[in-house]
Structure formats: structure tokens, C-alpha cells
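Reading through the C-alpha cells given below for one structure.
Numbers here simply count residues along the sequence, with the first being 1.
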Amino acid sequence: MSELLKGKTIVIMGVANKRSIAWGCAQAVMEAGAQLVLTYQNDRLKKSLERFVPEAVDMIECDVSTDEQIDTAFKQIGDKYGQIDGLVHAIAFADKETLENGLINTKRDGFDLAQNVSAYSLIAVARAAQPLLKNPASIVTLTYFGSERAVPNYNMMGVAKAALEANVRYLASEMGEAGVRVNAISAGAIKTLAVTGIKEHGALLKLSKSRTVDGQDVTTTEVGNVAAFLMSDMSTGMTGDVVYVDKGVHLH
């Protein structure tokens, strides 16, 4: 797969640590020959990333809760690289109270924060990236099965992911004329920093594993490989789709 993305520049947003699905995507696109650019939320996360991200990889600050930072980040990317071939959006957040107290107890501020960071940010990032995207180019975001089924304790994040998937369809329709395709990967439950924020996440992981077709968890590498395919010109016929990479959990 070392030639699949040769000559392409791919931006990945949302790597938190080595166990992140976003890091699985980053490793896959590097192995496929791409030039990788990472964005990070703040200095604390940057210090964490510096422990394992290769020095050759550019890292650019971008807190997606502010339009100014998004615009500044993509201006920096454009100034250095000119155009880019793809973007992976792997960002979601809800505060602890919102995650733990059930949807019926979700407060307005908690709802707005989850939707802003988890769903609206894809629109804002797509808009900022649009002038830099080549024809063809690819945008991929990460979602989860809780967008369409009431997964225990997923609560507000399920609502936010449903909005995110609707964003994918509308953005795919609007950006298609410029040769930009937009898709989502619905990844199976993986023990990441994000999952540990879900109440009783251990039970969720156990249930998910029991429903895979082979009794084995999907890995960040497997999700990353599909992201690399979606970044490649082999996927130019796919847009507006939710691609399941969960070893069949969604079948049940």
C-alpha cells in the first residue's frame, strides 16, 4: 500500500494519543506514502503528541470551537503546502454532565457544546479547507452506530453524530461539483480516550465485541486502512456515504 497516497498531502484533525482512531488513520496514510499534517487543540495536547509523532510531521494548532483558529490553521496549511488532497475530521466532545445524565436531562448549553464541537465543526472545517482542496479531493469524518440506534449511555453524542452524518450528505451534495467527496466512517467501539468518557464504557466495549462476526474487536489500524482508501483516488465514486468499519456489529 506504500504507493496508494504517494504525492498527496493529507490533514488529520483530532489525534489525542497513540490509541486514537485518528492516529490509526495517520499511520495508515503515512504508510501509504502521503505527506501528513496534524492539527492539535492546545499546547497540552501538542506536548503529548510530540512524544510519538515523527519530527517530519507538521503540527498546527486548531481549536475547532473558534472560527478564527480554523481560518488561521488553514491559512498556515495553504501558505506552506498550497493545495491539499484530503482531510480527516476526527473530533467530538460533550461535557461530563451531559454524557452521564441521559438525554432527557441535557441542558441547553451542553446540547449546544456537543453539537458545536462534534457536528458543526465539520461544516466550519470544510468551508475553511475548500479553497485548498484539489479536484479530486476527499473529506472523511468519524461517526458511530449510536447515531441511528439508542446505544446505552451514548446519549447526547448519538444525537450529535446523527447531525454529523446529515452534514456529510449535504456537504457531499454541495461540494461534489468541485470534485470533493465527503464520507463518514462508522467505527466500531474501540478503547480510546473518547470511549472512556462514556458511562459504563467497559460494558459497551464488551457488548460490541460480542456482536462482531468473528468475536474480535475492530482495530484502529483497520479503521485507518479504510480512511486511507477513502483518501485515495480509488474511492472517487463514493460520496455522501457512511462506511461501517465495525466487523459487522451494525448487522444485529
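Residues L38 and I60 fail the side-chain proximity criterion, which asks for heavy atoms closer than 4.5 Å. Side-chain contact between V37 and I12: absent, with no pair of heavy atoms (C-beta onward) separated by less than 4.5 Å. By the 4.5 Å heavy-atom criterion applied to side chains, V140 and I185 are counted as neighbours. Within the 4.5 Å cutoff, no side-chain heavy atoms of V88 are placed close to those of M13. Using a 4.5 Å heavy-atom threshold, the side chains of T9 and Q83 count as separate. With contacts defined as side-chain heavy-atom distances shorter than 4.5 Å, the pair W23/V53 qualifies.
Taking the six-membered ring for Trp and thresholds of 30 and 60 degrees, Y244 and H250 have nearly parallel ring planes, at less than 30 degrees apart.
Using a 4.5 Å cut-off between side-chain heavy atoms of Ile, Leu, Val, Met, Phe, Trp and Tyr, with links allowed through other members, V64 and M59 fall into different hydrophobic clusters. The same ILVMFWY cluster, assembled from side-chain heavy atoms under 4.5 Å apart, contains both V245 and I190.
When only modelled atom types and interatomic distance are considered, Y144 and D246 share no side-chain donor-acceptor pair under 3.5 Å.
For E148 and K161, the salt-bridge test fails: no basic side-chain N is under 4.0 Å from an acidic carboxylate O.
For the pairing with D58, the side-chain hydrogen bond (donor to acceptor under 3.5 Å, both in side chains) check across Q35, Q76, K80 returns one residue only, K80.
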